[in-house]
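The structure appears right after this line, and notes come after that.
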Number of protein chains: 2
Amino acid sequence: MEITRRAPIGRPRGFDADEALERAMMVFWQQGYEGASLTDLTSAMGITRKSMYAAFGNKETLFRKALERYTEGPAAYAARALEKPRAREVATAFLAGSVSTTTRPGCPAGCLGVQGSLAAGDSGRAAQDALIAWRDDGRALLRHRFQQAVDEGDLPSGADPELLARYIMTVANGIAVQAVGGASRSELQQVADAALRNWPPV
Amino acid sequence: MEITRRAPIGRPRGFDADEALERAMMVFWQQGYEGASLTDLTSAMGITRKSMYAAFGNKETLFRKALERYTEGPAAYAARALEKPRAREVATAFLAGSVSTTTRPGCPAGCLGVQGSLAAGDSGRAAQDALIAWRDDGRALLRHRFQQAVDEGDLPSGADPELLARYIMTVANGIAVQAVGGASRSELQQVADAALRNWPPV
DNA sequence: TTCTTTCTGCACCGATCGGTATCTAAGTTT
DNA sequence: AAACTTAGATACCGATCGGTGCAGAAAGAA
């Protein structure tokens, strides 16, 4: 069985697909799905329409790939937060990550997972649904993590993991909206601190 | 001086401008500024493009008038909340109003002041700025109200009106995002209750 | 009646949308 | 060298965008 990975026949791609995807992610992050035109995207990516279609399919699949990259890049704070040993640290790290990612210098303000997912015309409905599912996934991960904390005695047995997860997600979403409105990192960190002040004691 | 309000010359308008504006508000509420096309708007309003332009100017002024109507209609809970005698009641009523307005049956989920204000292409930037200013206004009103509460001794002297206002606004914005994602009214009211659990005692 | 204004309805404007087609040139395989 | 694939550039597709122009009818004021 030949498993040698041979190079594909033909002229190799002349651009770095990862870097192009990174640039596309930034455009979607700032302008949302519908607000980002193909002209915006391809000129930021430094490639032609044809190359974009050959490499990524179409605008919608490009968006989905950009969202994946966002999850593993700027939004990786979420996965890291979930690994903290204590539920309180999970919540604290999640909100702190949300604050720093939505206010990172050199990146668009706000959260790609929230931008442009609220209102949409017909053409953006699929992207809107994808982002709603994305946020639901994040909330489910938090819920499972908090359930685990209850099982371990890390949270009081009366604590409601579903509610706690929704609460944290709500504050994080609000932080993203505030960031687009120009709120500074320190202002939002104060809000995050305030939101955690009523965290259930062990 | 003649102040008699005489009827304007010419054929009178054949539709109810208030009702047409109400319908337009609903479309903007659901689809955002850019996501709402003139075809969507005028067909919901039941009038032609020409009539719309004659009555409201253009799409942008129509949006601004719809936003005013929203402020005085569905979002009037904010003004009512500010009149409560105690700061705690202000915060409670503000969040409760936010929950009920973003999940009202027969109306789009979410908040017109948040929808479509996060991401925008070039054509939607003016509307985006208008909505950011709208949210800033709301936050300023809360801040002043909480400052007054501090002055009256209704809040502890160490309380930070700026932070409290931003905190409440952040939670309300997050509630709006959650509502678009399909969260129910009771789920969001629980979140609002949780957010107020750490309100400063008198 | 005459004037004025807005009505409805439809065609139309230039611009942009997402997406393709076509060309030549270039690089890597067999 | 032959086969293959991609790159870049440009022009184009039908559809839709926000916004107008024009026609004729309708209704109130002069």
Please check the phosphate of [N] (OP1 and OP2 only) for any side-chain N or O of [X] closer than 4.0 Å.
X	N	result
A/Ser51	D/dG8	yes
B/Thr39	D/dT16	no
B/Thr48	C/dG9	no

Which nucleotide sits closest to the side chain of [X]: [options]?
X	options	value
B/Ala54	C/dG9, C/dC7, C/dC17	C/dC7
B/Asn58	C/dC7, C/dG9, D/dG19	D/dG19
A/Lys50	D/dG18, C/dT22, D/dC22	C/dT22
B/Leu38	D/dA7, D/dG19, D/dC17	D/dG19

Between atom CD1 of B/Ile168 and atom CG of B/Asn173, what is the distance when rounded to the nearest 0.5 Å?
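Reported value, rounded in 0.5 Å steps: 11.0 Å.
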Could you list the residues that satisfy side-chain hydrogen bond (donor to acceptor under 3.5 Å, both in side chains) with B/Glu152, not counting sequence neighbours?
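By the side-chain hydrogen bond (donor to acceptor under 3.5 Å, both in side chains) rule, B/Glu152 matches B/Gln148.
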Write down the distance between [atom1] ([X]) and [atom2] ([N]), rounded to a whole number of angstrom.
X	N	atom1	atom2	value
B/Glu60	D/dC17	CD	C1'	16 Å
A/Arg49	D/dT6	CZ	P	20 Å
A/Lys59	D/dA15	NZ	P	19 Å
A/Phe28	C/dG18	CZ	P	9 Å
A/Leu41	C/dT16	CG	C1'	14 Å
A/Asp122	C/dC17	CG	P	18 Å
B/Leu62	D/dC17	CG	P	15 Å
A/Gln31	C/dC17	CD	P	10 Å

Please work out which of the three classes, parallel, tilted or perpendicular, describes the rings of B/Tyr77 and B/Phe94, given edges at 30° and 60°.
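Ring orientation of B/Phe94 relative to B/Tyr77: perpendicular.
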Base, sugar-phosphate, or nothing for A/Tyr53, non-hydrogen atoms under 4.0 angstrom?
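Counting heavy atoms under 4.0 Å across all strands, the contact made by A/Tyr53 includes a base.
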Would you classify A/Ala36 as touching base, sugar-phosphate or nothing, given that sugar-phosphate means primed atoms plus P, OP1 and OP2, and contacts are heavy atoms under 4.0 Å?
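Result for A/Ala36 = sugar-phosphate.
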Would a 4.5 Å heavy-atom cut-off, applied to side chains only, mark B/Leu67 and B/Phe28 as touching?
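A side-chain contact is absent here, since even the closest heavy-atom pair is not under 4.5 Å.
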Quick check on DNA chain D: between B/Asp40 and A/Phe15, whose nearest nucleotide comes earlier from the 5' end?
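In this pair, the answer is A/Phe15.
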Which is more 5' along DNA chain D, the nucleotide nearest A/Ile47 or the one nearest B/Glu34? Just name the residue.
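The answer here is A/Ile47.
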Taking all heavy atoms of A/Leu196 and all of A/Ala91, pick out the closest pair and write down the distance.
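Where A/Leu196 meets A/Ala91 most closely, the heavy atoms are CD2-CB, 3.7 Å.
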